[in-house]
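What you see is a predicted model, and the numbers here were worked out from it, not measured in a lab.
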Amino acid sequence: MSHQFTSDGLELVGRLARPDRVGSQGVPALVLCHGFPTKSNGRLDAGRSYYDLAERVAEDLGWMALAFTYRGCGDSEGNFSLGGWLRDVHNAVAHLDERDDTDCVWVAGFGTGGALAIVAASTNDRIKGVAAVSPPADFDDWVADPDGLLDYARHVGAVRDPDFPDDAQAWKDELATIRAVDAAAALSDRPLLVMHGADDAVVPVFDARVLADAHGLCDLRIISSAGHRLRFDPRAVAVFLGWLDRVTRRVA
(Lines give C-alpha, C1' and ligand atoms only; values in the text may rest on other atoms or scores of the structure.)
Protein backbone atom coordinates (compact mmCIF):
# COMPACT_ATOMS: atom_id res chain seq x y z
CA MET A 1 0.00 0.00 0.00
CA SER A 2 1.11 3.60 -0.58
CA HIS A 3 2.69 5.06 2.51
CA GLN A 4 3.93 8.43 3.74
CA PHE A 5 6.02 9.65 6.66
CA THR A 6 7.87 12.85 7.45
CA SER A 7 11.58 13.57 7.60
CA ASP A 8 12.80 17.04 8.59
CA GLY A 9 9.29 18.29 7.87
CA LEU A 10 9.30 16.83 4.34
CA GLU A 11 6.75 14.24 3.25
CA LEU A 12 8.44 11.13 1.92
CA VAL A 13 6.47 8.49 0.07
CA GLY A 14 6.89 4.83 -0.71
CA ARG A 15 5.20 1.50 -0.19
CA LEU A 16 4.62 -0.40 3.03
CA ALA A 17 4.31 -4.14 2.45
CA ARG A 18 2.61 -6.06 5.25
CA PRO A 19 2.55 -9.80 5.87
CA ASP A 20 -0.72 -11.72 6.03
CA ARG A 21 -0.34 -12.25 9.76
CA VAL A 22 0.95 -9.96 12.48
CA GLY A 23 1.06 -11.42 15.98
CA SER A 24 0.50 -9.58 19.22
CA GLN A 25 4.26 -9.08 19.64
CA GLY A 26 4.64 -7.60 16.17
CA VAL A 27 6.95 -8.69 13.36
CA PRO A 28 10.43 -7.71 12.20
CA ALA A 29 10.49 -4.68 9.91
CA LEU A 30 12.85 -3.79 7.08
CA VAL A 31 13.67 -0.38 5.62
CA LEU A 32 14.70 -0.61 1.96
CA CYS A 33 16.96 2.22 0.78
CA HIS A 34 17.40 2.81 -2.95
CA GLY A 35 20.46 4.07 -4.75
CA PHE A 36 21.16 7.30 -6.58
CA PRO A 37 18.96 8.02 -9.60
CA THR A 38 20.46 7.52 -13.04
CA LYS A 39 19.68 9.06 -16.39
CA SER A 40 17.83 5.90 -17.35
CA ASN A 41 15.54 5.61 -14.30
CA GLY A 42 15.39 9.27 -13.25
CA ARG A 43 14.17 10.48 -9.91
CA LEU A 44 10.61 9.24 -10.49
CA ASP A 45 11.45 5.56 -10.72
CA ALA A 46 14.49 5.44 -8.44
CA GLY A 47 12.59 3.85 -5.58
CA ARG A 48 9.65 2.18 -7.29
CA SER A 49 11.57 -0.86 -8.48
CA TYR A 50 12.06 -1.77 -4.82
CA TYR A 51 8.32 -2.10 -4.23
CA ASP A 52 8.28 -5.64 -5.59
CA LEU A 53 11.19 -6.55 -3.32
CA ALA A 54 9.31 -5.18 -0.32
CA GLU A 55 6.32 -7.34 -1.23
CA ARG A 56 8.62 -10.36 -1.56
CA VAL A 57 10.04 -9.76 1.92
CA ALA A 58 6.51 -9.56 3.35
CA GLU A 59 5.30 -12.68 1.55
CA ASP A 60 8.34 -14.93 1.98
CA LEU A 61 9.57 -13.89 5.41
CA GLY A 62 6.43 -12.56 7.09
CA TRP A 63 8.13 -9.22 7.74
CA MET A 64 6.89 -5.70 7.27
CA ALA A 65 8.93 -3.86 4.63
CA LEU A 66 9.04 -0.15 3.79
CA ALA A 67 10.51 0.81 0.42
CA PHE A 68 10.62 4.60 0.50
CA THR A 69 11.96 7.26 -1.81
CA TYR A 70 14.48 9.76 -0.48
CA ARG A 71 13.89 13.48 -0.50
CA GLY A 72 14.15 14.79 -4.05
CA CYS A 73 13.12 11.45 -5.59
CA GLY A 74 9.81 10.08 -6.77
CA ASP A 75 6.89 11.94 -5.22
CA SER A 76 8.86 12.76 -2.08
CA GLU A 77 9.39 16.40 -1.25
CA GLY A 78 12.70 18.21 -0.98
CA ASN A 79 16.06 18.15 -2.71
CA PHE A 80 19.01 15.77 -2.57
CA SER A 81 21.75 16.18 -0.03
CA LEU A 82 23.79 13.29 1.33
CA GLY A 83 23.22 14.40 4.92
CA GLY A 84 19.52 14.77 4.23
CA TRP A 85 19.34 11.27 2.80
CA LEU A 86 21.10 9.95 5.90
CA ARG A 87 18.50 11.62 8.11
CA ASP A 88 15.79 10.11 5.92
CA VAL A 89 17.13 6.66 6.81
CA HIS A 90 17.08 7.48 10.52
CA ASN A 91 13.55 8.83 10.30
CA ALA A 92 12.31 5.81 8.34
CA VAL A 93 13.75 3.54 11.02
CA ALA A 94 12.11 5.57 13.78
CA HIS A 95 8.82 5.55 11.89
CA LEU A 96 8.75 1.75 11.74
CA ASP A 97 10.16 1.21 15.21
CA GLU A 98 7.42 3.28 16.80
CA ARG A 99 4.62 1.21 15.27
CA ASP A 100 2.75 -1.22 17.53
CA ASP A 101 2.98 -4.02 14.96
CA THR A 102 6.80 -4.16 14.67
CA ASP A 103 9.25 -5.64 17.14
CA CYS A 104 12.62 -4.73 15.59
CA VAL A 105 14.00 -2.89 12.55
CA TRP A 106 16.63 -3.90 10.03
CA VAL A 107 17.92 -1.86 7.09
CA ALA A 108 18.90 -2.91 3.59
CA GLY A 109 20.40 -0.50 1.10
CA PHE A 110 21.55 -0.61 -2.49
CA GLY A 111 24.40 1.43 -3.95
CA THR A 112 24.40 4.80 -2.21
CA GLY A 113 21.60 3.49 0.00
CA GLY A 114 23.80 0.61 1.12
CA ALA A 115 26.55 2.97 2.26
CA LEU A 116 24.01 5.15 4.08
CA ALA A 117 22.50 2.09 5.78
CA ILE A 118 25.91 1.23 7.26
CA VAL A 119 26.56 4.82 8.35
CA ALA A 120 23.09 5.15 9.91
CA ALA A 121 23.43 1.90 11.85
CA SER A 122 26.80 2.97 13.27
CA THR A 123 25.06 5.59 15.43
CA ASN A 124 21.57 4.12 15.72
CA ASP A 125 21.00 1.25 18.15
CA ARG A 126 17.45 0.81 16.84
CA ILE A 127 18.93 -0.85 13.75
CA LYS A 128 19.48 -4.55 14.49
CA GLY A 129 21.50 -5.34 11.38
CA VAL A 130 22.30 -4.21 7.85
CA ALA A 131 22.37 -5.69 4.37
CA ALA A 132 24.40 -3.49 2.03
CA VAL A 133 24.26 -4.35 -1.66
CA SER A 134 26.84 -2.86 -4.05
CA PRO A 135 27.78 -0.10 -1.56
CA PRO A 136 30.63 2.36 -2.09
CA ALA A 137 33.11 2.41 0.79
CA ASP A 138 33.26 6.20 0.57
CA PHE A 139 32.10 9.09 -1.60
CA ASP A 140 35.55 10.34 -2.55
CA ASP A 141 34.59 10.56 -6.23
CA TRP A 142 31.85 13.00 -5.29
CA VAL A 143 34.17 14.88 -2.95
CA ALA A 144 36.55 15.38 -5.87
CA ASP A 145 33.86 16.95 -8.06
CA PRO A 146 30.95 18.26 -5.96
CA ASP A 147 29.87 20.75 -8.62
CA GLY A 148 29.61 17.93 -11.14
CA LEU A 149 27.50 15.94 -8.68
CA LEU A 150 25.17 18.88 -8.14
CA ASP A 151 24.79 19.37 -11.88
CA TYR A 152 24.05 15.68 -12.30
CA ALA A 153 21.52 15.75 -9.44
CA ARG A 154 19.75 18.62 -11.19
CA HIS A 155 19.84 16.72 -14.48
CA VAL A 156 18.13 13.62 -13.04
CA GLY A 157 15.66 15.74 -11.06
CA ALA A 158 16.88 14.98 -7.53
CA VAL A 159 17.52 18.71 -7.03
CA ARG A 160 14.49 20.64 -8.27
CA ASP A 161 14.86 24.01 -6.56
CA PRO A 162 17.15 26.29 -8.62
CA ASP A 163 18.21 28.10 -5.44
CA PHE A 164 19.20 24.90 -3.61
CA PRO A 165 21.41 24.47 -1.65
CA ASP A 166 21.25 27.54 0.57
CA ASP A 167 24.75 26.80 1.88
CA ALA A 168 26.67 25.27 -1.02
CA GLN A 169 29.85 24.75 1.00
CA ALA A 170 28.05 22.84 3.76
CA TRP A 171 26.34 20.71 1.08
CA LYS A 172 29.76 19.85 -0.36
CA ASP A 173 31.51 19.35 3.00
CA GLU A 174 29.13 16.61 4.18
CA LEU A 175 30.14 14.45 1.22
CA ALA A 176 33.50 13.87 2.90
CA THR A 177 32.14 13.19 6.38
CA ILE A 178 29.79 10.33 5.45
CA ARG A 179 31.99 7.27 4.91
CA ALA A 180 30.76 3.69 5.20
CA VAL A 181 34.28 2.33 5.65
CA ASP A 182 34.73 4.43 8.79
CA ALA A 183 31.32 3.40 10.13
CA ALA A 184 31.57 -0.35 9.50
CA ALA A 185 33.79 -1.04 12.50
CA ALA A 186 31.10 0.33 14.82
CA LEU A 187 28.80 -2.48 13.63
CA SER A 188 31.05 -5.33 14.72
CA ASP A 189 28.45 -6.34 17.33
CA ARG A 190 25.64 -6.55 14.75
CA PRO A 191 25.11 -8.64 11.63
CA LEU A 192 26.30 -7.13 8.34
CA LEU A 193 25.85 -8.59 4.88
CA VAL A 194 27.84 -6.99 2.07
CA MET A 195 26.90 -8.32 -1.34
CA HIS A 196 28.55 -7.21 -4.57
CA GLY A 197 28.60 -8.17 -8.22
CA ALA A 198 31.95 -9.46 -9.40
CA ASP A 199 31.56 -7.47 -12.62
CA ASP A 200 30.15 -4.28 -11.10
CA ALA A 201 31.18 -1.41 -13.40
CA VAL A 202 29.73 1.31 -11.14
CA VAL A 203 31.23 0.52 -7.73
CA PRO A 204 34.46 -1.52 -7.68
CA VAL A 205 34.17 -4.90 -5.95
CA PHE A 206 37.24 -3.84 -3.95
CA ASP A 207 34.95 -1.55 -1.93
CA ALA A 208 33.06 -4.59 -0.68
CA ARG A 209 36.23 -6.22 0.56
CA VAL A 210 37.33 -3.02 2.30
CA LEU A 211 33.99 -2.78 4.10
CA ALA A 212 34.11 -6.43 5.10
CA ASP A 213 37.60 -6.02 6.53
CA ALA A 214 36.55 -2.92 8.47
CA HIS A 215 33.63 -4.77 10.08
CA GLY A 216 35.61 -7.89 10.92
CA LEU A 217 32.72 -10.38 11.01
CA CYS A 218 30.91 -9.37 7.84
CA ASP A 219 29.12 -11.94 5.69
CA LEU A 220 30.69 -11.05 2.34
CA ARG A 221 29.06 -12.45 -0.80
CA ILE A 222 30.48 -11.82 -4.27
CA ILE A 223 28.02 -12.79 -7.01
CA SER A 224 29.90 -14.12 -10.02
CA SER A 225 29.29 -12.57 -13.44
CA ALA A 226 26.92 -10.01 -11.88
CA GLY A 227 26.82 -6.26 -12.34
CA HIS A 228 25.65 -3.39 -10.18
CA ARG A 229 21.85 -3.80 -10.13
CA LEU A 230 21.72 -6.94 -8.03
CA ARG A 231 18.08 -6.52 -7.04
CA PHE A 232 17.24 -7.87 -10.50
CA ASP A 233 19.52 -10.91 -10.11
CA PRO A 234 17.59 -13.95 -8.78
CA ARG A 235 20.74 -15.36 -7.18
CA ALA A 236 21.34 -12.16 -5.24
CA VAL A 237 17.71 -11.91 -4.13
CA ALA A 238 17.85 -15.51 -2.87
CA VAL A 239 21.04 -14.77 -0.91
CA PHE A 240 19.50 -11.60 0.50
CA LEU A 241 16.27 -13.23 1.67
CA GLY A 242 18.08 -16.27 3.03
CA TRP A 243 20.46 -14.09 5.02
CA LEU A 244 17.64 -12.07 6.55
CA ASP A 245 15.80 -15.20 7.59
CA ARG A 246 18.90 -16.85 9.03
CA VAL A 247 20.33 -13.95 11.01
CA THR A 248 17.02 -12.92 12.57
CA ARG A 249 16.54 -16.45 13.84
CA ARG A 250 20.07 -16.35 15.25
CA VAL A 251 19.57 -12.94 16.91
CA ALA A 252 16.18 -13.99 18.30
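Residues passing the side-chain hydrogen bond (donor to acceptor under 3.5 Å, both in side chains) test with Asp97, sequence neighbours excluded: Arg126. Applying the ring-ring contact (aromatic ring centres under 6.0 Å, His included) rule to Phe80 yields the partners Phe36, Trp85, Trp171; only residues at least two apart in sequence or on another chain are considered. With sequence neighbours excluded, the residues forming a ring-ring contact (aromatic ring centres under 6.0 Å, His included) with Phe139 are Trp142, listed by chain and number.
Formation of a donor-acceptor pair under 3.5 Å by the Asn79 side chain with backbone atoms of Asp161 is found in this model. The closest donor-acceptor contact from the side chain of Asp8 to the backbone of Leu10 lies at 3.5 Å or more, if one exists at all. Side-chain atoms of Thr6 never come within 3.5 Å of backbone atoms of Gly9 as a donor-acceptor pair (strictly under, hydrogens ignored).
Within 6.0 Å of atom CG in Asp20, 12 or fewer heavy atoms from other residues, nucleotides or ligands are found, so the atom counts as exposed in its surroundings. Surrounding CG of Asp100 are at most 12 heavy atoms belonging to other residues, nucleotides or ligands under 6.0 Å away. Counted within 6.0 Å of CD on Gln25, heavy atoms from surrounding residues, nucleotides or ligands total 12 or fewer; the atom is thus considered open.
Taking the side chain as every heavy atom from C-beta outward, Ser2 and Gln4 approach each other to under 4.5 Å. Side-chain contact between Leu211 and His196: absent, with no pair of heavy atoms (C-beta onward) separated by less than 4.5 Å. Residues Lys128 and Val107 fail the side-chain proximity criterion, which asks for heavy atoms closer than 4.5 Å. The side-chain heavy atoms of Arg235 and Val237, taken from C-beta on, include no pair separated by under 4.5 Å. Under the 4.5 Å side-chain criterion, counting only non-hydrogen atoms from C-beta, Leu82 is in contact with Leu116. Counting heavy atoms from C-beta outward, Val13 and Thr69 have side chains that approach closer than 4.5 Å. For the pair Pro28/Leu244, no side-chain contact is recorded, criterion being any heavy-atom separation below 4.5 Å from C-beta on. Contact of the Trp106 side chain with the Ile127 side chain is not registered, since no non-hydrogen atoms from C-beta on lie closer than 4.5 Å.
Note that the OG1 atom of Thr112 and the CD1 atom of Ile178 stand 11.0 Å from one another [nearest 0.5 Å]. One distance of note links NE2 of His90 with OG1 of Thr123; it measures 4.0 Å at 0.5 Å rounding. Going from atom CD1 of Ile118 over to atom SG of Cys218 covers 7.5 Å, rounded to the nearest 0.5 Å. Between Glu174 atom CD and Ser81 atom OG the span is 4.5 Å, to the nearest 0.5 Å. With rounding to the nearest 0.5 angstrom, the CH2 atom of Trp63 is 16.0 Å from the CZ atom of Arg18. Rounded to the nearest 0.5 Å, atoms CZ (Arg15) and CG (Leu32) are 12.0 Å apart.
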- Query: Can you check ring pair (Phe, Tyr, Trp, His ring centres under 6.0 Å) on His3 and His95, steps first, answer last?
  - Reply: CA-CA 11 Å; His3 196 77; His95 176 68; 4.9 Å; yes
- Query: Yes or no on side-chain contact (heavy atoms from CB on, under 4.5 Å) for Asn124 and Val93, after CA distance, side-chain angles and deciding distance?
  - Reply: CA-CA 9 Å; Asn124 191 336; Val93 169; 4.1 Å; yes
- Between Asp88 and Leu12, is a side-chain contact (heavy atoms from CB on, under 4.5 Å) present by the stated rule, with each step listed? CA-CA 8 Å; Asp88 292 345; Leu12 306 187; 3.5 Å; yes
- Message: Run Arg246 and Asp219 through side-chain contact (heavy atoms from CB on, under 4.5 Å) and show every step you take.
- Response: CA-CA 12 Å; Arg246 187 171 63 256; Asp219 191 344; 3.4 Å; yes
- Query: Can you list the steps and then say if Leu149 with Leu175 is a side-chain contact (heavy atoms from CB on, under 4.5 Å)?
  - Reply: CA-CA 10 Å; Leu149 172 63; Leu175 300 173; 3.9 Å; yes
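When all heavy atoms of Ala29 and Thr102 are compared, the closest pair comes out as CB-CG2, 3.8 Å. In this structure, Pro165 and Arg154 approach most closely via the heavy-atom pair CD-NH2, 4.3 Å. Nearest approach of Ala108 to Leu30, heavy atoms of both residues: N-CD1, 3.7 Å. What you find for Val119 and Ser122 is that their closest heavy atoms are O-OG, 2.6 Å. The shortest heavy-atom contact between Phe68 and Cys33 is CE2-SG, 4.1 Å. Shortest non-hydrogen contact noted between Pro136 and Ala115 is O-CB, 3.5 Å.
With salt bridges taken as basic N to acidic carboxylate O contacts below 4.0 Å, none links Asp145 and Lys172. Note on Asp207 versus Arg209: no salt bridge recorded, every NZ/NE/NH1/NH2 to OD/OE distance being 4.0 Å or above. We find that Arg231 and Asp52 are not joined by a salt bridge, their nearest charged nitrogen and carboxylate oxygen being 4.0 Å or further apart.
By the rule that hydrophobic residues join a cluster once side-chain heavy atoms approach within less than 4.5 Å of another member, Val203 and Phe110 end up as members of separate clusters. Under the 4.5 Å side-chain contact rule for hydrophobic residues, Leu217 and Ile222 do not share a cluster. Note on Phe206 and Val194: same hydrophobic cluster, where clusters join Ile, Leu, Val, Met, Phe, Trp and Tyr whose side-chain heavy atoms are under 4.5 Å apart, directly or indirectly.
Relative ring orientation between Tyr70 and His34 is described as perpendicular, the plane-to-plane angle rising above 60° on a 0-90° scale split at 30° and 60°.
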